[in-house]
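Note sheet for the following structure.
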Amino acid sequence: MQDLVKRVLAGAVDAVRELEEKVKGDEELCVKVVSDGLVRQLVEMLKKEAASEDALKLLLLLTDAGVGQKNVDLARCMIDGGVVEPLVALIGAGAASLQERAAAVLGNLCHESPANQDKVAKFEGIFPALVNILGSGEDVGPAQEAAYAIWNLTVGHDENSAILVRLGVVPKLTELLKSPSDIAQENAAGALMHVTMSKEARVAIVQADAIPRLCELLKPTYEPEVSTQAAGALLNLASDCPEYSKMIVKHGAVAPLVALIKDGPTLAKEYSAGALMNLLRGDMEVAADAAKAGAIPALAALLTKSTANAEALGALANLASSSSDRQIAIYKAQVTRKSVTLLSHEDTEIRRSAAALIMNLAPQTKIKERIVEAGALKALAAVLTDDDDAVKERAAGALANLFNDHSANVHAGFQQAPDMIPSLVAIIQQRSLSEDARRQAAHALAMLAAEDGPCDAVWSAGSGPPFLALLKEGIAEAALGIMNLSWRWPEVKQELAKGGTIDHLMKMVKTGDATAKEYAAGALMNMTAGSLENGEKAVGIVFALAELLKAEAAQAAEWSAGALANIVRVGAEPQKAAIDAGAVQSLAALMPRVSPNGRTLLVLALTSLSDSQAAAVRQALGAKEKQKLREFRDSGDEELNDYVNTLVDKLGSGFSL
């Protein structure tokens, strides 16, 4: 071998051919024979017409071995030895066979090495040369290897991608997708996958009508490697782009993507799960179609593998969004414990997706307890301090959903991970986080504050000022938190009121969305309960609360009734204002749909109004309303019985039920 290498170093072309035969099939030996001297000699041979073909064949064999052995130093040695310039020259002016091999070598030199990508890209004329041979001649060989080189030059390299897009690479790659050569199809799709990241490139891909062909290549009639790269290209095209996602769905990509998740190669499973994740985002119709195609068991099976966890979790999270049936189906696929385990994974994307899946499963009442049993509370509490903001946001959202309307989960969370409370308070204080992150954390804290023991801890953790700050920003969940904090102690009401809480709650009732109005009414109800001082501050909201009694959501109307009951006790003036606003008629209309918990609030509101407006209240209570009041009185609730009797006594003038 040493003698053979010496002959090559001496410039013997026949020795180059012999060396090629000697090292063929032995990648480790290929790597060993590469030296600075050998590279320099091969570079010189590339410049000579009689020797260039043999030198190229050996270079291709050696760089193929470098790729196979993941040895980027071999490529670096060749780049530093000056191999790129003559390769570019051959691509620009050589015969088709030379162009093909030269492009292939360039692709190998850049393979999985950002440093080598940068070095190769600096050589003048390399990009135009590669783009030019994409569509030249009947021989597909040069074009398919040019696509391979472009693929490796653009992986994770936005600058190189942008240059190539401006040179018109997209329509040529799209045309190459139509080649009967599976290698050409794979390389073209692979290159398109990595030039799709810029808006300019995506527009060019759509204009070139690449989407229908990429969707076609997903089908099992094409080679798995081709379908893999087509799925990768569609994954990137659909990323954060609803318009292109709809195009992809329109061309029938969903079912083939699910099929690849089930039966494709490992990389195809990963890319297809990622593409499906992007297509599902916010589109319930696509989610339904994917579920019908068997996406849920396919993705769940993928979670048992060592790869594609982030993509599979993300797709399942999107499938779970806003669908009780799919949430149950995902739970039955037995992914809960796996998802909880992955919350502590070293990969940020996996932690994000695991938290998202748990967050989207947690609204389902039947699943909440199972998620908690899987150990989610401690795991979610731990990632509230994650370095990644998206993980924090989704973990807070998962806790909010697990706690919502579930007292047992709230107490379990407080018992198992009490440190979650200061972590959640830290999130609502951190203005650099997204509004959604702070909103979710506020919701979780509000649920904790609804229970005795956790409520004390939430207040002691200093949640008052940050809740007030969020309230000023119009964030509804802050009002819910204030509602649940202020029900326990007069001192808390006073402290919150000092910061202007009443004014901001009044503003929210007037200008917030439906949820904000509901929560603000509830907070005003608790802030004014037993506090005439706070009630006096809130008299300006009587008209808006009277309007809220008509809300479609029964709870919003009931909490508005509770707030009115407290505020109009201040005196005759707010009582008359409420009557003039039609409050008593709205309260009467609320009776048939009031919840058991809201009955007391409704009766108390009627009672407070009767202080000075008994005649108006009597007039509004006809036979149907009296029948409802009898039902309330006779329901077995002693407290409610007393309240109804008090109302009847206050109405006087012979009024009876």
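Residues: numbered from 1 along the sequence shown. No hydrogens, no waters, no symmetry mates; every other heavy atom, side chains included, goes into these values.
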Legend entry - Under 3.5 Å donor-acceptor, Ser113 side chain and Cys110 backbone: no

Inset, instruction - Determine yes or no for a side-chain-to-main-chain donor-acceptor pair under 3.5 angstrom, with Gln99 supplying the side chain and Ile91 the backbone. - result: yes

Inset, instruction - Determine whether more than 12 heavy atoms belonging to other residues, nucleotides or ligands lie under 6.0 Å from atom CD of Gln69. - result: yes

Inset, instruction - Please name the pair of heavy atoms, one in Ala310 and one in Ser353, separated by the smallest distance, quoted to 0.1 Å. - result: O-OG, 3.1 Å

Inset, instruction - Check whether any side-chain heavy atom of Leu87 lies under 4.5 Å from a side-chain heavy atom of Leu109, and answer yes or no. - result: yes

Inset, instruction - Please indicate whether Glu216 has more than 12 foreign heavy atoms, meaning atoms of other residues, nucleotides or ligands, lying under 6.0 Å from its CD. - result: yes

Inset, instruction - Output the distance between atom CG (Asn401) and atom CD (Gln364), rounded to the nearest 0.5 Å. - result: 11.5 Å

Inset, instruction - Return yes when atom NZ of Lys262 has more than 12 non-hydrogen atoms of other residues, nucleotides or ligands closer than 6.0 Å, and no otherwise. - result: yes

Inset, instruction - Considering non-hydrogen atoms only, spot the tightest contact between Ala103 and Ala149 and give its length. - result: O-CB, 3.5 Å

Legend entry - Non-hydrogen side-chain atoms of Leu342 and Ile350 separated by less than 4.5 Å: yes

Inset, instruction - Please lay out, stage by stage, how Gln229 and Leu267 fare under the test side chain to side chain contact (heavy atoms under 4.5 Å, CB included). - result: CA-CA 9 Å; Gln229 297 307 323; Leu267 191 57; 4.1 Å; yes

Inset, instruction - With rounding to the nearest 0.5 Å, note down the distance linking CG in Asp64 to NE2 in His111. - result: 10.5 Å

Inset, instruction - First locate atom CZ of Arg202, then atom CG of Asn236, and finally report the distance between them rounded to the nearest 0.5 Å. - result: 7.0 Å

Legend entry - Charged N-O contact under 4.0 Å between Asp80 and Lys119: yes

Inset, instruction - Please examine the side chains of Met193 and Tyr271, heavy atoms only from C-beta on, and report whether any two atoms are closer than 4.5 Å. - result: yes

Inset, instruction - Look at the side chain of Ser339 and the backbone N and O of Ala354, then say whether any donor-acceptor pair between them is shorter than 3.5 Å. - result: no

Inset, instruction - Answer yes or no: is there a side-chain heavy-atom contact under 4.5 Å between His157 and Asp118? - result: yes

Inset, instruction - Could you tell me whether the side chain of Glu223 and the main chain of Glu225 form a donor-acceptor pair under 3.5 Å? - result: no

Legend entry - Interatomic distance, Cys215 atom SG to Leu234 atom CG [nearest 0.5 angstrom]: 5.0 Å

Inset, instruction - Taking all non-hydrogen atoms of both residues into account, name the closest pair between Ala356 and Arg394 and its distance. - result: CB-CD, 3.8 Å

Inset, instruction - Check whether any side-chain heavy atom of Leu218 lies under 4.5 Å from a side-chain heavy atom of Leu214, and answer yes or no. - result: no

Legend entry - Heavy-atom donor-acceptor pair, Asn360 side chain to Ala320 backbone, under 3.5 Å: no

Legend entry - Donor-acceptor contact present, side-chain Ser434 to main-chain Ala437, <3.5 Å: yes

Inset, instruction - Going by the side chain to side chain contact (heavy atoms under 4.5 Å, CB included) test, name the single residue among Leu237, Asn318, Val249 that passes it with Leu279. - result: Val249

Inset, instruction - Keeping the roles fixed (side chain from Thr304, backbone from Ala301), state whether a donor-acceptor pair exists under 3.5 Å. - result: yes

Inset, instruction - Mind checking the SG-NZ spacing from Cys30 to Lys22? Nearest 0.5 Å is all I need. - result: 12.5 Å

Inset, instruction - Output yes when a side-chain donor or acceptor of Lys172 lies under 3.5 Å from a complementary backbone atom of Val131, and no otherwise. - result: yes

Inset, instruction - For a side chain to side chain contact (heavy atoms under 4.5 Å, CB included) with Leu106, tell me which candidate from Ile150, Ile126, Leu90, Asn152 qualifies. - result: Ile126

Inset, instruction - May I ask you to decide whether Arg352 forms a salt bridge with Asp388, counting only side-chain N to carboxylate O separations under 4.0 Å? - result: yes

Legend entry - Pairwise side-chain contact, Arg17 with Val13, heavy-atom cut-off 4.5 Å (strictly under): yes

Legend entry - Side-chain heavy-atom pair Val391, Leu343 within 4.5 angstrom cut-off: no

Inset, instruction - Output yes when a side-chain donor or acceptor of Asn160 lies under 3.5 Å from a complementary backbone atom of Leu153, and no otherwise. - result: yes

Inset, instruction - Search all heavy atoms of Leu98 against all heavy atoms of Ser52 and return the closest pair with its distance. - result: CD1-OG, 4.0 Å

Inset, instruction - Would you please name every residue forming a side-chain hydrogen bond (donor to acceptor under 3.5 Å, both in side chains) with Asn71, sequence neighbours left out? - result: none

Inset, instruction - Kindly indicate, with the supporting measurements, whether the criterion side chain to side chain contact (heavy atoms under 4.5 Å, CB included) is fulfilled by Ser161 and Leu164. - result: CA-CA 5 Å; Ser161 297; Leu164 285 157; 5.9 Å; no

Legend entry - side chain to side chain contact (heavy atoms under 4.5 Å, CB included) evaluation trace for Thr174 with Asp209: CA-CA 8 Å; Thr174 302; Asp209 204 26; 5.7 Å; no

Legend entry - Heavy-atom pair of closest approach, residues Thr228 and Ala268: OG1-CB, 3.1 Å

Legend entry - Closest non-hydrogen atom pair, Gly81 against Val43: O-CG2, 3.6 Å

Inset, instruction - Give the C-alpha distance, both sets of side-chain angles, the deciding distance and a yes or no for side chain to side chain donor-acceptor pair (under 3.5 Å) between Ser181 and Gln144. - result: CA-CA 9 Å; Ser181 164; Gln144 72 185 23; 3.0 Å; yes

Inset, instruction - Starting at CG of Leu235, measure out to CG of Asn278 and round the result to the nearest 0.5 Å. - result: 5.5 Å

Legend entry - Any residue meeting side-chain hydrogen bond (donor to acceptor under 3.5 Å, both in side chains) with Glu28, in chain and number order, not counting sequence neighbours: none

Inset, instruction - Answer yes or no: are there more than 12 heavy-atom neighbours, outside Glu200 itself, under 6.0 Å from its atom CD? - result: yes

Inset, instruction - Answer yes or no: is there a donor N or O on one side and an acceptor on the other, between the side chain of Gln185 and the main chain of Ser179, under 3.5 Å? - result: yes

Legend entry - Intermediate values then yes/no, side chain to side chain contact (heavy atoms under 4.5 Å, CB included), Arg101 and Glu53: CA-CA 9 Å; Arg101 292 191 181 96; Glu53 183 171 2; 3.7 Å; yes

Legend entry - Note: Arg439-Glu393 ion pair, threshold 4.0 Å (strictly below): no

Inset, instruction - Would you mind reporting whether Leu316 and Leu361 have side-chain heavy atoms less than 4.5 Å apart? - result: no

Legend entry - Pairing of Lys178 and Glu175 as salt bridge, 4.0 angstrom limit: yes

